[in-house]
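Each chain gets a letter, A, B and so on, in the order its sequence line appears, and its residues count up from 1.
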Number of protein chains: 4
Amino acid sequence: MNSRSPVAGLISESSGGTRAAILNAALAAFGEKGFNGASMRDVAAGAGTSLSNLYNYFPSKSHLLAELLRRANDELLHRTSTAVRDAGDDPADRLREAVKAYVGFVVDHQTAALVAISEIRYLHGEHRERVVRARDSTQAIFGEIIADGVAGNRFPTPYPDGAARNIVSMCSAISTWYHPEGQLSKEALAEQHARYALALLETRLDG
Amino acid sequence: MNSRSPVAGLISESSGGTRAAILNAALAAFGEKGFNGASMRDVAAGAGTSLSNLYNYFPSKSHLLAELLRRANDELLHRTSTAVRDAGDDPADRLREAVKAYVGFVVDHQTAALVAISEIRYLHGEHRERVVRARDSTQAIFGEIIADGVAGNRFPTPYPDGAARNIVSMCSAISTWYHPEGQLSKEALAEQHARYALALLETRLDG
Amino acid sequence: MNSRSPVAGLISESSGGTRAAILNAALAAFGEKGFNGASMRDVAAGAGTSLSNLYNYFPSKSHLLAELLRRANDELLHRTSTAVRDAGDDPADRLREAVKAYVGFVVDHQTAALVAISEIRYLHGEHRERVVRARDSTQAIFGEIIADGVAGNRFPTPYPDGAARNIVSMCSAISTWYHPEGQLSKEALAEQHARYALALLETRLDG
Amino acid sequence: MNSRSPVAGLISESSGGTRAAILNAALAAFGEKGFNGASMRDVAAGAGTSLSNLYNYFPSKSHLLAELLRRANDELLHRTSTAVRDAGDDPADRLREAVKAYVGFVVDHQTAALVAISEIRYLHGEHRERVVRARDSTQAIFGEIIADGVAGNRFPTPYPDGAARNIVSMCSAISTWYHPEGQLSKEALAEQHARYALALLETRLDG
DNA sequence: AATGAATGAGGATTCATTCAT
DNA sequence: GATGAATGAATCCTCATTCAT
């Protein structure tokens with residue numbers, strides 16, 4: 001899979017689309033300077049177009065952020081739910097696949113993942129609700145797997161209620177420190193965090 | 001312990017100091033709107049003083065942020081290291097106390113903790129280095145405990161290297177969602193996260 | 001007479017012409033928001049066409065205003081001069097008919113009349129001269145009638161010189177407050193203002 | 001009476017006040033280019049201060065307009081009501097004094113009078129209500145005098161209802177064409193319009 | 001310490017207009 | 001005729017900061 005842009009697959013590559021260029025530039029700018037620290041001029045410069053032309057594609061800076069976060073959270077939800085759907089019945093297997101999918105997203109779209117967690121606070125109104133809904137749906141997937149596993153005595157943790165949140169925290173925090181050039185491959189990272197997740201639930205694990 | 005202000009003990013030092021009022025207002029403003037979203041006018045209004053008077057206490061907005069983050073990270077480091085110093089030799093006990101201290105800080109100074117993780121990116125130069133050093137020192141405490149425990153076969157996790165980061169992630173993420181009015185007391189939260197931390201390391205746990 | 005559009009007869013010329021749609025939309029926009037407050041986008045939206053297509057019909061926003069004011073003032077001049085031509089010799093009768101024609105125009109084309117008085121200041125150069133000439137010609141008709149009547153001792157006012165301006169002021173001000181749904185019919189309004197005009201000239205009236 | 005500024009007496013002269021300079025510049029700018037045609041840069045330049053400093057005195061361009069119109073209408077109301085209060089009981093005398101006061105205001109503050117009638121449409125919300133109230137109060141003074149005179153058979157016009165509006169229209173329209181350098185003195189103009197007003201009501205007048 | 005006045009740079013957004021298709 | 005994309009200049013307004021008092 002090609003990954004020329006920081007949001008390969010998230011933002012349509014095809015075509016020399018100005019719209020895609022703007023979204024990519026906005027993602028880069030928001031990732032680097034934060035939503036309030038980045039200016040529309042930054043975005044325009046990054047997209048190689050004029051400042052005023054941005055407004056032919058997005059009615060406001062907030063709409064830009066909304067579109068970015070919407071895409072990121074939708075893609076994350078899609079990956080996670082697809083992975084779980086294909087994972088069989090065992091809660092441990094399901095959890096493992098969910099974590100791998102989540103970590104995979106964070107590594108594939110690191111900037112998008114970073115912006116999704118750190119800039120969502122600048123989203124308001126309906127835009128926010130839409131994004132929060134997707135985000136919560138993703139976390140709910142983890143919560144349901146855990147509830148299942150606890151009900152079936154596979155996850156003996158005494159604290160199942162905070163576990164989903166912490167698993168998601170760990171996975172999304174990867175966007176904060178991960179360096180693609182480092183020694184940790186995407187697969188190794190995913191495997192490692194899958195194990196962290198199961199350990200958190202105090203599942204008996206073999207070496 | 002008194003907790004009049006959101007950062008009682010961190011800032012405040014007793015009385016009606018303008019300086020303390022400014023720091024508290026800045027903390028509240030940065031917490032609510034982010035560093036770039038908050039204006040010096042917001043800070044002045046919150047502190048009940050004039051805009052220009054801010055500059056009698058802090059030479060720039062960045063210095064305000066620096067002071068805030070410095071205090072927060074120093075206090076966190078202090079609490080954690082003190083707790084560990086008093087915790088005996090058992091790595092599990094030491095880790096438990098470290099986590100409890102960390103969680104205690106986050107709950108006592110929720111806004112400061114939140115600002116410390118989300119706004120550190122807007123700190124540059126020496127200010128940043130100073131703060132990053134304190135932050136890393138705090139995480140290093142966890143890293144050392146884990147290394148000790150692994151060496152002594154108390155923590156059988158196959159992935160000791162990422163564990164400290166994840167434990168710290170979980171603890172600091174509390175600042176993101178915790179509601180003081182909720183049903184979770186500080187002590188319960190601390191206990192719960194101490195167990196998560198040990199579970200992450202795959203320590204055998206009873207009950 | 002048909003009155004589908006706010007300027008039926010003034011603009012419209014029968015059918016679905018884009019040009020007429022643009023003029024009507026411009027009239028509505030300038031009437032509602034003023035020349036400087038209305039944008040070409042407003043006009044395009046009102047006309048149901050694209051922004052750039054406006055420039056296939058009018059070379060600039062100013063040309064749009066010019067065309068509107070030209071038509072309005074030409075029509076007003078036409079109505080007034082025709083009415084006077086058909087009115088016989090008595091200055092009082094002539095004045096009465098002139099006023100009725102003027103008021104009729106204002107009621108039939110209220111928005112056009114309003115724009116004609118309030119936005120003429122934004123017209124410059126030749127456009128302006130052309131329009132001002134028509135406007136002054138209309139007022140001159142009143143002036144001539146008054147001069148005739150004064151010469152023939154029909155209008156004993158000591159202040160004939162300002163009278164024409166004030167009569168025209170009263171008539172055109174109708175565009176400022178008139179509500180077609182109100183209790184005042186066009187004919188009643190015309191009759192009333194004809195009497196005001198004669199009264200202003202201190203003509204003896206029975207009544 | 002001194003009349004250095006276009007709003008002498010309206011806008012406080014004393015002091016080299018920046019606030020007064022801004023108001024005067026705004027009045028001049030709005031008078032020349034209209035509210036939407038004038039920019040805050042125009043105002044700043046006219047006031048001899050920086051663009052941003054305007055906002056230390058007025059929170060928005062609309063507030064500037066509101067303040068201007070408020071002052072103008074308040075002053076006009078004040079002048080008119082004071083004149084009427086001192087005018088005795090005869091409705092004709094009262095009307096005469098009211099017209100003279102109104103015309104006096106228009107001549108003394110021509111630009112303010114012009115802006116007051118032509119730019120009030122760009123005022124909205126509470127600002128507008130406040131100003132409209134003052135404007136209507138002024139017109140109501142004329143209405144009451146007319147009602148009194150009609151009741152006492154001093155004003156035999158068959159159309160008393162539209163008379164106040166037309167008298168006010170005539171007086172305020174003076175701001176539209178008057179040239180201080182012309183041959184018409186303020187007093188002559190006032191006298192002339194007082195007579196127009198009485199004539200409109202069909203009062204018997206001696207030569 | 002504390003203030004109010006002031007400023008230049010820059011913020012997001014809208015403008016009338018043009019151009020390639 | 002008609003469109004969508006594009007642009008440079010201008011819009012109102014806010015920013016962090018400074019200065020005289």
Whole-Å distance separating the CG atom of D:N56 from the P atom of F:dC19: 17 Å
D:H127 vs D:L65 side-chain heavy atoms within contact, under 4.5 Å: no
Among E:dT3, E:dT13, E:dA16, the one nearest C:K61 by side-chain distance: E:dA16
B:Y55: which of B:H63, B:M40, B:K61 passes side chain to side chain contact (heavy atoms under 4.5 Å, CB included): B:M40
Side-chain (B:R128) to main-chain (B:I120) donor-acceptor, under 3.5 angstrom: yes
Given DNA chain E, 5'-ward residue of the pair D:Y57 and A:S62, judged by closest heavy atom: D:Y57
Nearest-nucleotide 5' precedence on DNA chain F, C:L54 against B:P59: C:L54
Whole-Å gap separating P (F:dT17) and CG (B:L51): 10 Å
Between F:dT3 (C1') and C:I22 (CD1): distance, integer Å: 13 Å
Residue mapping more 5' on DNA chain F - nearest nucleotide basis, C:T49 or A:S52: C:T49
Length of the CG-P vector between D:N53 and E:dA9, whole Å: 16 Å
Pairing nucleotide - E:dT21, Watson-Crick or G-U, each distance under 3.5 Å: F:dA2
Short N-O contact, D:E67 and D:R71, less than 4.0 angstrom: yes
Value in whole Å for how far the P atom of F:dG4 lies from CZ of A:F58: 17 Å
Donor-acceptor contact below 3.5 Å, side chain B:N24 vs main chain B:A20: yes
Interface with DNA chain E, restricted to residues 38-47 of chain D and to heavy atoms under 4.0 Å: none
Interatomic distance where CG belongs to C:N36 and P belongs to E:dC15 [whole Å]: 11 Å
Nucleotide F:dC15, atom C1' - distance to NZ of B:K33 in whole Å: 13 Å
OG1 on C:T111 to CD on C:E32, rounded to 0.5 Å: 10.0 Å
Test item: A:D74 and A:R130 side chains (from C-beta on) under 4.5 Å apart, heavy atoms: yes
Any D:Y55 side-chain N or O less than 4.0 Å from OP1/OP2 of F:dC15: no
Opposite nucleotide pairing with F:dA10, Watson-Crick or G-U, both atom distances under 3.5 Å: E:dT13
Opposite nucleotide pairing with E:dA1, Watson-Crick or G-U, both atom distances under 3.5 Å: none
